[in-house]
Amino acid sequence: MLVLAMALAGPIGVTSAEMGAQNAARASKPWNIGHRGASAYAPENTVPAFVLAAEQGATFVEFDVQLTKDRQVVCLHDTSLERTTDVEQVFPDRFRRGDSDAAKHWMLEDFTLAEIQRLDAGSWFDPKFRGTRIPTFAETIDALRGRSGLFIELKSPERYEGIEELVLNELGAKGLARPGADPKTPVLLQSFNASSLQILAGPLGTKLPIHFLVSARDAAPWMTIEGLEKIYAFATGISPEKTIVTNHADAIARAKKMGLRVTPYTFRSSAVVGFKDVRAEMAHYLGLGVDGVITDNPDLANQELRTKK
Ligand code: G3P
Ligand code: CA
């Protein structure tokens with residue numbers, strides 16, 4: 001009964017018109033969400049990967065946002081720069097020792113935007129991408145505008161006080177801070193950090209759709225009736241690690257009944273277990289009723305899910 005009442009009332013602070021837009025989105029066909037762009041084929045979280053995902057027919061392009069030392073919003077997955085750039089060559093002395101592993105780490109938060117713009121974020125993936133830069137959030141929006149939706153992950157927001165407001169401000173400056181502002185460029189926010197999403201939905205009052213990312217390791221408390229009710233208070237959907245869909249099937253069914261959209265991660269051709277290939281894996285999960293797939297291979301999603309056939 002409580003669940004039904006919540007489904008009728010909608011998330012706190014959402015008007016009936018906005019619920020209408022959200023319900024329309026929920027009724028749409030499942031989403032093909034390019035993970036860090038088309039990251040099977042181009043360096044993750046770069047403009048070439050983003051544009052390729054859009055060209056391959058991604059409904060949304062997923063990317064990670066964090067802050068530089070001078071509080072500029074940029075796209076990067078790791079909190080440090082050494083895996084995906086040549087920072088060790090360009091700034092050999094600017095590392096910290098890790099808290100847990102004592103290894104050298106070149107932390108994004110220790111570098112200004114001007115400094116990270118000197119880094120090559122493409123060669124690690126393939127020499128043909130030499131000279132590719134870490135994009136700013138604004139550059140990413142400009143690259144994708146009119147081509148794909150934006151599936152924006154606030155990555156490790158606990159490291160960057162105030163990042164929620166900066167992200168909304170940049171969306172506002174581009175005229176994208178409200179649901180439906182640009183039908184060709186829908187916007188969704190997500191994070192593993194519930195507190196960050198509560199800031200977005202609560203004090204900052206965004207009406208943009210919000211997904212709570214849930215890892216398999218953290219799933220148990222969230223996949224209870226109480227856990228789902230907590231999620232429902234600040235989110236319009238969940239992005240669970242894909243094993244949760246089968247290991248917590250009852251909770252996923254409940255979440256969908258509540259009106260939460262379910263978009264599992266990550267489907268990648270390079271890591272398929274128990275299926276013939278990633279196409280078969282994505283088709284299986286879509287058959288279970290999920291509302292989208294977050295994939296490194298947006299070109300291999302069911303043709304019906306691709307914006308370009
Ligand atoms: O969108 C889901 C996925 O991006 C979450 O994991 O580590 O790739 O950011 P990660
Ligand atoms: Ca991500």
Side-chain angles (χ1 to χ4, degrees), residues 30-47 49-50 53-54 56 58-67 73-84 105 108 121 124-125 134-135 137 140-141 144 148-160 163-164 167 186-194 196-197 200 208-219 222 231 235-245 252 255 260-272 278 281-282 285-286 290-298 301 305:
W31 296 333
N32 176 11
I33 305 156
H35 179 241
R36 310 182 200 169
S39 58
Y41 315 106
E44 65 179 56
N45 277 312
T46 66
V47 168
F50 298 152
Q56 290 180 344
T59 330
F60 284 89
V61 173
E62 191 267 357
F63 55 90
D64 305 283
V65 295
Q66 302 184 62
L67 296 187
V73 186
V74 297
C75 299
L76 186 73
H77 177 271
D78 299 1
T79 52
S80 63
L81 294 154
E82 63 273 6
R83 182 177 64 86
T84 56
H105 295 293
L108 173 65
W124 72 275
F125 186 84
I134 291 175
F137 182 33
T140 298
I141 295 171
L144 290 173
S148 170
L150 311 177
F151 217 85
I152 304 163
E153 180 182 348
L154 282 73
K155 178 60 80 184
S156 304
E158 62 280 2
R159 301 181 81 95
Y160 310 107
I163 188 172
E164 297 83 7
V167 167
V187 178
L188 184 149
L189 300 158
Q190 68 170 358
S191 183
F192 285 105
N193 185 315
S196 183
L197 299 180
L200 287 163
L208 291 170
I210 288 175
H211 279 205
F212 181 43
L213 279 155
V214 184
S215 68
R217 191 188 52 198
D218 296 335
W222 293 109
I231 293 170
T236 57
I238 55 174
S239 295
E241 192 168 344
K242 61 192 176 188
T243 55
I244 295 173
V245 175
I252 294 295
L260 291 166
R261 207 168 168 99
V262 177
T263 52
Y265 72 92
T266 301
F267 296 87
R268 35 177 58 123
S269 58
S270 61
V272 178
V278 75
E281 186 185 24
M282 289 194 276
Y285 277 83
L286 290 162
V290 302
D291 300 292
V293 284
I294 300 176
T295 176
D296 293 0
N297 306 85
L305 305 191

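As the structure lists them, so they are numbered: ligands from 1, and atoms in each ligand from 1.
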Atom indices of ligand 1 within 4.0 angstrom of His35 heavy atoms, with elements: 3 (C), 4 (O), 8 (O), 10 (P)

Leu67 CG to Arg159 CZ distance, which is reported to the nearest 0.5 Å: 11.5 Å

Point-to-point distance, once rounded to the nearest 0.5 Å, from CD of Gln66 to CG of Leu108: 5.5 Å

Asn297 side, atom CG; Gln56 side, atom CD - distance, nearest 0.5 Å: 8.0 Å

Side chain, backbone, both or neither: Leu213 near ligand 1, heavy atoms under 4.0 Å: side chain

Phe212 side, atom CZ; Ser196 side, atom OG - distance, nearest 0.5 Å: 10.5 Å

Atom 7 (O) of ligand 1: the protein heavy-atom neighbour that sits closest, reported with distance to 0.1 Å: His77 NE2, 2.6 Å

Gap separating the CD atom of Glu62 from the OG1 atom of Thr263, nearest 0.5 angstrom: 9.5 Å

Where ligand 1 meets Ile294 - atom numbers and elements under 4.0 angstrom, heavy-atom basis: 1 (O), 2 (C)

Interatomic distance, Leu189 atom CG to Thr236 atom OG1 [nearest 0.5 angstrom]: 9.0 Å

Criterion side chain to side chain donor-acceptor pair (under 3.5 Å) on Glu241 and Thr243, from CA distance to verdict: CA-CA 6 Å; Glu241 192 168 344; Thr243 55; 4.7 Å; no

Leu188: which of His211, Arg261, Glu153 passes side-chain contact (heavy atoms from CB on, under 4.5 Å): His211

Side chain proximity check, Leu286 to Val293, heavy atoms < 4.5 angstrom: yes

Ligand 1 contact on Phe192 by region, counting heavy-atom pairs under 4.0 Å: side chain

Check: Arg36 N/O within less than 3.5 Å of ligand 1 N/O: yes

Phe50 and Phe63 aromatic ring geometry - parallel, tilted or perpendicular at 30°/60° bounds: tilted

Subset of ligand 1 atoms that lie under 4.0 Å from at least one heavy atom of Glu62: 1 (O), 3 (C), 4 (O)

Any N/O pair Gln190/ligand 1 closer than 3.5 Å: yes

Proximal ligand 1 atoms for Lys155, defined as those under 4.0 Å from one of its heavy atoms: 7 (O), 9 (O), 10 (P)

Val262 backbone acceptor or donor facing Asp291 side chain under 3.5 Å: yes

Numbering as shown, the atoms of ligand 1 that approach Asp64 to under 4.0 Å (heavy-atom distance): 9 (O)

Polar protein atoms (N, O or S) that approach the Ca ion (ligand 2) to under 3.0 Å: Glu62 OE2, Asp64 OD1, Glu153 OE1

